[in-house]
Amino acid sequence: MTVEAKTVRITYREAMRQALRDALHRDPRVFLMGEDVGRYGGCFAVSKGLLEEFGPERIRDTPLSESAFVGAGIGAAMGGMRPIVEIMTVNFSLLALDQIVNNAATMLHMSGGQFNIPLVIRMTTGAGRQLAAQHSHSLEGWYAHIPGIKVLTPATLADARGMLWTALQDPDPVLIFEHGGLYNMEGELAADAGAVDIDTAVVRRAGTDVSLITYGGTLSKVLQAAEELAGTGVSAEVVDLRSLRPLDTATVLASILRTHRAVIIDEGWRSGSISAELSARIMESAFYELDVPVARVCSAEVPMPYAKHMEEAALPQVHTIVETVRQMVGSRG
Amino acid sequence: MSQQVAFQSPPLDRHHSLFLLREMLRIRRFEEKCAELYSATKIRGFLHLYIGEEAVAVGALQALEPDDAIVATYREHGHALARGVSATSIMAEMYGKQEGCSRGRGGSMHLFNAATRFYGGNAIVGGGLPVAVGLALADKLQGRPRVTACFFGEGAVAEGEFHECLNLAALWKLPVLFCCENNLYAMGTALKRSESETDLCLKATSYEMPAWPIDGMDVMACEEATQRAVLTVRSGGGPCFLEFRTYRFRAHSMYDPQLYRDKQEVEQWKTRDPIAVFQARLQELGLLNEEDLKRIEEDITTEVAKAVEFAETGTWEPVEDLTKFVYSEKVQA
């Protein structure tokens with residue numbers, strides 16, 4: 001007799017909020033700060049209700065001063081706190097790039113190991129909501145370029161619920177990228193869901209003909225594509241990277257050893273990107289395992305347009321993924 | 001122009017006066033040796049000398065307690081020495097030896113020392129201010145009556161981070177002491193060529209914090225003003241801003257032919273040399289005799305010689321350790 005696991009119906013937004021509440025309850029050093037996280041309830045309503053529950057000392061509304069409040073997070077972390085800094089979108093994080101790249105990522109090294117920065121920075125990323133060229137880009141791959149920080153991309157309810165606590169236990173800066181299109185995603189989550197690891201990739205769907213490697217907001221599209229492909233007799237394995245730095249190359253390579261074909265699907269641009277990095281690593285380590293060259297489905301190299309049909313055309317879509325895989329499988333004959 | 005405040009100086013105490021003179025001389029002689037070692041290619045990279053500005057660090061740091069924090073700039077040898085970071089570990093750092101205060105990972109611009117809460121050594125102009133705000137936030141949230149002293153040059157006043165941080169610190173009443181070392185030149189750009197409003201205290205008072213201009217060539221004035229400001233900051237009155245009016249006698253770094261200022265201007269400021277003037281004053285008051293001076297100089301010569309010897313006999317970190325201090329080392333369970 002099997003015991004049926006208890007689950008709850010929950011959205012990605014609520015899972016993230018539960019993670020925040022849990023962290024605030026468990027560790028008095030944890031506090032949240034950012035633009036409109038308090039009174040407004042968070043620009044994507046993630047922190048709604050937290051001000052009432054935890055008060056203004058721990059749920060801190062900041063002025064529109066990204067560099068100051070991200071840097072203040074760094075200083076507070078060095079001063080013994082466990083700050084969670086929220087930046088509205090990855091595009092706004094560029095106003096704090098100095099603090100993230102020149103301070104958070106370097107302090108431990110510059111100080112010869114004396115000062116680590118246990119800081120978590122959350123922000124939204126990605127397109128799909130007609131927010132045009134200053135609210136839609138996927139720059140997480142850029143951040144993954146930087147040694148000294150970790151880059152997480154929770155794509156599932158379990159990861160939305162579980163990555164934050166693990167990130168807070170990490171002695172070094174961790175950036176969490178939440179795709180804006182995921183907040184309303186609803187599903188079943190184990191009632192006792194908790195912390196998850198933040199350094200491994202996971203196979204979300206097993207398959208034998210091709211490895212579809214992706215992360216974040218594109219995962220659901222890739223799973224749909226895999227389902228469609230299954231209907232036409234192509235067995236696709238889906239790998240969710242989960243973390244872009246560190247990059248779990250071993251899990252990706254293990255999948256390719258099973259399928260001998262790889263397609264990388266990334267909402268970032270392809271030039272100088274995380275998909276380029278991954279492609280290079282596959283070539284370095286599994287060149288002779290590949291039946292066909294690695295293929296990529298990325299965003300078109302334009303700033304994100306506003307008009308819906310143009311935005312859709314710029315982004316990886318289920319049909320472009322399916323088409324790329326069909327060509328690849330067909331090319332083997 | 002904001003008027004410099006004339007403080008009621010207490011009668012000079014011989015013991016303390018000699019200490020202040022000694023501290024300034026330590027910095028002067030140490031840096032003269034650094035310049036020599038730079039020419040001898042023992043020290044490489046950028047080397048920014050503090051010569052001419054010693055009264056500021058020596059005076060200001062007298063007002064701080066051991067558990068207060070200091071955030072400084074890339075012209076920070078003087079602050080580190082005055083704070084009690086050993087001359088040996090600073091010199092070894094400049095040599096790039098692993099016995100250095102940042103294990104040779106930082107160099108002249110990135111001196112760090114956890115024991116004295118010395119948080120660098122920040123070489124991005126304005127980049128240290130957000131960190132200082134965060135350190136102060138951590139103290140406030142944890143109810144510790146500490147002060148964070150943040151040093152920066154007048155060049156930082158043009159950075160957005162300056163304005164973001166003064167606003168945030170004042171808004172949240174954080175215990176930050178903003179110490180602006182106005183030496184009139186941001187590298188080669190004169191204050192009046194870069195600021196529409198050259199009265200720096202006016203900028204600070206517009207953020208609702210007390211601000212005083214101080215004669216930065218007078219060590220006693222620097223000490224007294226800082227003590228007064230620290231009292232306000234520590235008692236929960238929020239941040240204060242001090243403008244130390246000073247002058248850099250040497251080039252910006254070792255590569256600067258100083259095309260941007262007249263030799264005559266430099267010579268004129270040299271007549272206000274903080275060490276020579278203070279020394280003459282003490283001699284005039286009968287608080288310093290030739291014997292004292294000889295002893296101080298001899299002690300310092302010995303200290304500097306020991307620092308050089310320590311650096312010379314220091315060891316190179318093994319290249320195998322190159323990737324250490326990018327992330328904190330995992331604690332073995």
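Each chain gets a letter, A, B and so on, in the order the sequences are listed, and its residues count up from 1. Being a predicted model, the structure only gives us computed values, none of them experimental.
Of the atoms belonging to B:K324, it is backbone heavy atoms, and not side-chain ones, that fall under 4.5 Å from chain A. Heavy atoms closer than 4.5 Å to chain B are found in the backbone of A:I146, but not in its side chain. B:F118 touches chain A through its backbone: at least one of N, CA, C or O sits under 4.5 Å from a heavy atom, while the side chain does not. Proximity to chain A (any heavy atom under 4.5 Å) is shown, for B:N113, by both the backbone and the side chain. Only the side chain of B:L171 comes within less than 4.5 Å of a heavy atom of chain A; its backbone N, CA, C and O stay farther away. Heavy-atom distances place the side chain of B:R144, and not its backbone, under 4.5 Å from chain A.
In terms of heavy-atom pairs under 4.5 angstrom with chain B, the leader among A:I149, A:T62, A:L64, A:I117 is A:I149. In terms of heavy-atom pairs under 4.5 angstrom with chain B, the leader among A:M81, A:M78, A:R60, A:R58 is A:R60. If you tally non-hydrogen atom pairs under 4.5 Å between each of B:R105, B:Q98, B:K140, B:R103 and chain A, the highest count goes to B:R105. Ranked by heavy-atom pairs shorter than 4.5 Å toward chain B, the options A:Q99, A:M107, A:E66 are led by A:Q99. Most heavy-atom pairs under 4.5 Å with chain A, from the set B:G127, B:A123, B:A169, B:G160: that is B:G127.
At most 12 heavy atoms of other shown residues, nucleotides or ligands fall within 6.0 angstrom of atom NE2 in A:H145. Annotation: A:W165, atom CH2; neighbour count of heavy atoms from other residues, nucleotides and ligands within 6.0 Å is above 12. The environment of CD in A:Q134 is sparse: at most 12 heavy-atom neighbours from other residues, nucleotides or ligands sit within 6.0 Å. At most 12 heavy atoms of other shown residues, nucleotides or ligands fall within 6.0 angstrom of atom CZ in B:F46. In B:Q142, the CD atom is crowded: over 12 heavy atoms of neighbouring residues, nucleotides or ligands sit closer than 6.0 Å.
Scanning both residues, B:F112 and A:S111, for their nearest heavy atoms gives CG-CB, 3.5 Å. Taking every heavy atom of both residues into account, B:Y327 and A:R245 meet most closely at OH-NE, 3.1 Å. Smallest separation of non-hydrogen atoms from A:P63 and B:N167: CG-ND2, 3.7 Å. Nearest heavy atom pair, residue B:L168 against residue A:A68, reads CD2-CB, 4.0 Å. Contact between A:L108 and B:S328 at its shortest, heavy atoms only, is CD2-N, 3.5 Å. For B:V133 against A:A72, the heavy-atom pair with the smallest separation is CG1-CB, 4.1 Å.
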(request) Kindly determine whether B:E161 and A:S67 satisfy side-chain hydrogen bond (donor to acceptor under 3.5 Å, both in side chains), including the steps that lead there. (result) CA-CA 6 Å; B:E161 283 175 328; A:S67 201; 2.4 Å; yes
(request) For side-chain contact (heavy atoms from CB on, under 4.5 Å), just list the numbers for A:N116 and B:F325, CA-CA rounded to whole Å, side-chain angles, deciding distance to a tenth of an Å, and then say yes or no. (result) CA-CA 9 Å; A:N116 63 298; B:F325 314 123; over 6 Å; no
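Side-chain contact between B:P130 and A:V70 is absent, with no heavy-atom pair separated by less than 4.5 Å. In this structure, B:E164 and A:F69 have side chains that are not in contact, with every pair of non-hydrogen atoms separated by 4.5 Å or more.
Between the CG atom of B:L141 and the CD atom of A:E57 there is a distance of 5.5 Å, given to the nearest 0.5 Å. Note that OG of B:S102 is 6.0 Å distant from CD of A:Q114, once rounded to the nearest 0.5 Å.
Checked options A:T106, A:N102, A:N103; the residue passing with B:N122 is A:N103 (criterion: side chain to side chain contact (heavy atoms under 4.5 Å, CB included)).
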